[in-house]
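Contents: one structure, followed by commentary.
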2 protein chains.
Amino acid sequence: MKPETHLRGDGGLSSRTRGIAHHGSGGDSGHLRRLNLDRVLVVAMDRPDSFTRAELIEATGLSAPTVGTLVSHLIRSGVVRELGAGPSRGGRRPAFMEFNARHGFVAGIDLGPTRTRLSVADLRGEPLAHRIVPTPAGIGPEALLSRMAGAVRALMRDEAAPPEKLLAVAVGAPGVVDYDRGVVTLAPNLSGWTNVAVRDTLERALEAPVVVENDVNLAVIGEHWRGAARGHVTCVFLFVGTGIGAGVLIDGELHRGHHFMAGEIAVMCMGPQYLSVDFGSRGCLETLAGLQGLAARWPSGGRGDPVRWMAELFEAAQKGDRTAHQAVDETARLIGIAVANVGAVVDPSLIVLGGALFAQAEPLVHEVRKVVSSSSPRWARKRPSGAASSWPPARRAASSGCACAKRASRCEVVDRHG
Amino acid sequence: MKPETHLRGDGGLSSRTRGIAHHGSGGDSGHLRRLNLDRVLVVAMDRPDSFTRAELIEATGLSAPTVGTLVSHLIRSGVVRELGAGPSRGGRRPAFMEFNARHGFVAGIDLGPTRTRLSVADLRGEPLAHRIVPTPAGIGPEALLSRMAGAVRALMRDEAAPPEKLLAVAVGAPGVVDYDRGVVTLAPNLSGWTNVAVRDTLERALEAPVVVENDVNLAVIGEHWRGAARGHVTCVFLFVGTGIGAGVLIDGELHRGHHFMAGEIAVMCMGPQYLSVDFGSRGCLETLAGLQGLAARWPSGGRGDPVRWMAELFEAAQKGDRTAHQAVDETARLIGIAVANVGAVVDPSLIVLGGALFAQAEPLVHEVRKVVSSSSPRWARKRPSGAASSWPPARRAASSGCACAKRASRCEVVDRHG
DNA sequence: TCACTTTGGCAGGCAGTCTAAGGAAGTGTT
DNA sequence: AACACTTCCTTAGACTGCCTGCCAAAGTGA
């Protein structure tokens, strides 16, 4: 039996330490223990190779006996594997050990409007396998999810990973996600997705704890963990594609907002002249600067594959085509304003630009950068924010899913065998 | 001798629980202790009247013996006073006690461009005395601060509070404040204020721990604690006066940003048409919608006392004067856009509007509300954010200072006698 | 061979919590 | 008036977790 309850309560992305001893339930000495065990685990996971107890003592700042008992726990549970003695450095030979990344697995499911990315990773978050499938259309959310669950199981089989070793699943969805309840409240780009209980459905199908999160939120976690935003505890991932959205990381924690709509800048108003315009369900910024907006500025835009006509547009712009150039410029300016405004509100140390638009057009990124730096006041000259993510989206999706499941899996590991 | 070091490290507004046992420094069992003591204190402070041990046990969820020892500590230190036995409720008579709010005092100093508000409050944050003085002009920051220190000492004397009972001082400044170092980095509205070491200066003068914070940040803490935003852990205070700025509270914690510039929406760009305009050190939004912007739209604006001509303007608008009406409308629209955009990024449960502009003109607030609700997409209809703060600014300043010093004082109290 | 270093384990102590039991001081009922 | 019962608080004892101090193991270097 899996301790899902515990995970749901403690294991999500939100790692903020709660008040202690919530109701005398069994005391609270365990709190300390868990904290320190977590510390040891973090260090162990981050070591690419083997390590010794002495290194853990050094890295965690804990005392030798404490590390000793914690490590022996981890060894007993199988999360850490003993490797035998290593070469001496002038004294007793150290006992080497390594983090057993394959002690469990995590899966990521990134539901896109057209494509869905599936991935399975080890406990360190290293992707082992991934697959991109067209998002099935015409079937209900339940059927779709069950099909995806099947695909995850297949990936697990391919990696010779027994199903019960699936310790956590992260799901990203384009839209508003009620993280607490694991429900996709509304996803305009997935037809028929309103109040879909993704977590419950998938937990039944996969028998593993599931977290559901907005896709851009997952992206910012991924960028922070393994991507362009490493080391930037307060950062923003700004995505421009068909839709426009931002993921906001504050002090290393995801900021979701009161209605789980933080970063929904699709609706950002780009000036008083647009106040009387009704943009429908799509917001001002998204309508003006999203793929749709770009298409409206380019005669042959909007027809056929977006990737194709966008490539043509950018090529034409570079060759001096006035219309094309203007289309790119106007879009870049709007995005630049959005970036600057988000920057003014959040004041991150980095804003990462992602999405199809940036992946294809370095000039556009350049223009955005220019707007941002001109819009910041002289006395506030920040470091140039906005480095287009050079990270392949697929990889990003995979690892962000893993990042999402990271903490969850850690807790799981600890709890099941501790 | 005061344990200032401890306070500086642990007592600020940032109450996020840190990693434990940072380097074997004396062990870490004390951590638990402090946490639980804190819990008891919070409950005790929030009770308006007397209370018993049993109530604390109920409210904190701690065990009876734990509460017993913690309470006896507090009694010994003087933070809690015994009142004697109360009436029985069918059993042994309970021992009543009360929080001794006058066991210490906190002071707040709100440095404004024209006026500076000083206040002294008890440990519960209840204002005891406050004073508004014109901000001295023509003297350097050091001299100014020393004068303010003198005023605080005088207020303390008036309340018959011995100087050593001043446990914490909170300073608000209009501008960018390096909270970690207690330095006002830049305050355009206070002439000559660049890199002023406010904390060091005042700590020497007052011999009490000092925290320095952006004034709007203090305001949002105050609104959350005692004002319009009670219960709203994620909220924004948006100030419009000479300057424009916002304080952002996220999950009950102040969000300062990487450069301590979060919420500096004065520079928010209000549309592509403004990209080529150089607003100088004042940003786009502030220039267009601040007091200056309003003045530019109203012939007799900008001359004389702002309060006077603003009153005239609003009266004229209400009477049907086209120019006045348009000036108010345009300003309101811009502010509405700003509110909506901040809302989109942060997704708070409430945005509180504050500052001279709103205090005077209910119609303006109305218009802002209209813009906000029209700019939010249909499917995202939030609760109407933006309730103009009905809280007197003076009171707000005072209590925000106190709120700011709240945690600090708590730690101090605990530490000095614990 | 001997001193010294590095690594890891064990014993003992301390701090803080909890549960369990008990004392104190009432109310209510017979 | 005696008794049971309630409520409130304290004391006693056990548990958990951390730490320091000491010691054994197993090497290096002179």
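Reminder, nothing fancy here: chain letters follow the sequence lines and each chain counts from 1.
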Measure [atom1]/[X] against [atom2]/[N] and give the value in whole Å, please.
| X | N | atom1 | atom2 | result |
| --- | --- | --- | --- | --- |
| A/Glu58 | C/dT7 | CD | C1' | 14 Å |
| A/Leu37 | D/dG17 | CG | P | 11 Å |
| B/Ile57 | C/dT19 | CD1 | C1' | 13 Å |
| A/His73 | C/dG9 | NE2 | C1' | 16 Å |
| A/Arg34 | D/dT16 | CZ | P | 15 Å |
| B/Arg33 | D/dC18 | CZ | P | 19 Å |
| B/Phe96 | D/dT7 | CZ | P | 15 Å |
| A/Glu55 | C/dT6 | CD | P | 14 Å |

Nearest-0.5 Å distance that lies between atom [atom1] in [X] and atom [atom2] in [Y]:
| X | Y | atom1 | atom2 | answer |
| --- | --- | --- | --- | --- |
| B/Phe105 | B/Leu167 | CZ | CG | 9.0 Å |
| B/Leu249 | B/Asn217 | CG | CG | 9.0 Å |
| A/Asp122 | A/Phe99 | CG | CZ | 7.5 Å |
| B/Thr66 | B/Leu37 | OG1 | CG | 11.5 Å |

Within the structure, does a side-chain N or O atom of [X] lie under 4.0 Å from either OP1 or OP2 of [N]?
| X | N | answer |
| --- | --- | --- |
| B/Ser63 | C/dC18 | yes |
| B/Arg53 | D/dT10 | yes |
| A/Asn36 | D/dG17 | no |
| B/Thr66 | C/dC18 | yes |
| A/Arg92 | C/dG8 | no |
| A/Arg89 | C/dT7 | yes |

May I ask you to say what [X] touches in the nucleic acid, namely base, sugar-phosphate or nothing, with a heavy-atom cut-off under 4.0 Å?
| X | answer |
| --- | --- |
| A/Pro65 | base |
| A/Ala95 | sugar-phosphate |
| A/Ala64 | nothing |

Within a strict 4.5 Å, meaning less than it, do heavy atoms of the B/Leu70 and B/Arg33 side chains meet?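 B/Leu70 reaches B/Arg33 side chain to side chain.
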
Least distance between heavy atoms, B/Ser50 atom then B/Phe96 atom: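 In terms of heavy atoms, the two residues are closest at OG-CD2, 3.3 Å.
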
In terms of side-chain heavy atoms of B/Leu32, which of C/dG26, D/dG27, C/dG16 is nearest?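 Among the listed nucleotides, the one closest to the side chain of B/Leu32 is C/dG16.
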
Do the side chains of A/Glu98 and A/Arg47 get close enough for a salt bridge, i.e. N-O under 4.0 angstrom?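 No.
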
A/His232 and A/Ser349: side-chain donor and acceptor closer than 3.5 Å?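 A donor-acceptor contact under 3.5 Å links the two side chains.
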
Closest-nucleotide ordering on DNA chain D, the 5'-leading residue of A/Gly91 and B/Arg93: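 That would be B/Arg93.
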
With nearest nucleotides of DNA chain D determined for A/Leu70 and A/Gly90 from heavy-atom distances, which residue corresponds to the more 5′ nucleotide?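 Its nearest nucleotide being more 5', the pick is A/Leu70.
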
Show me the protein contacts with nucleotides 28-30 of chain C, counting only N or O atoms at under 3.5 Å.
none

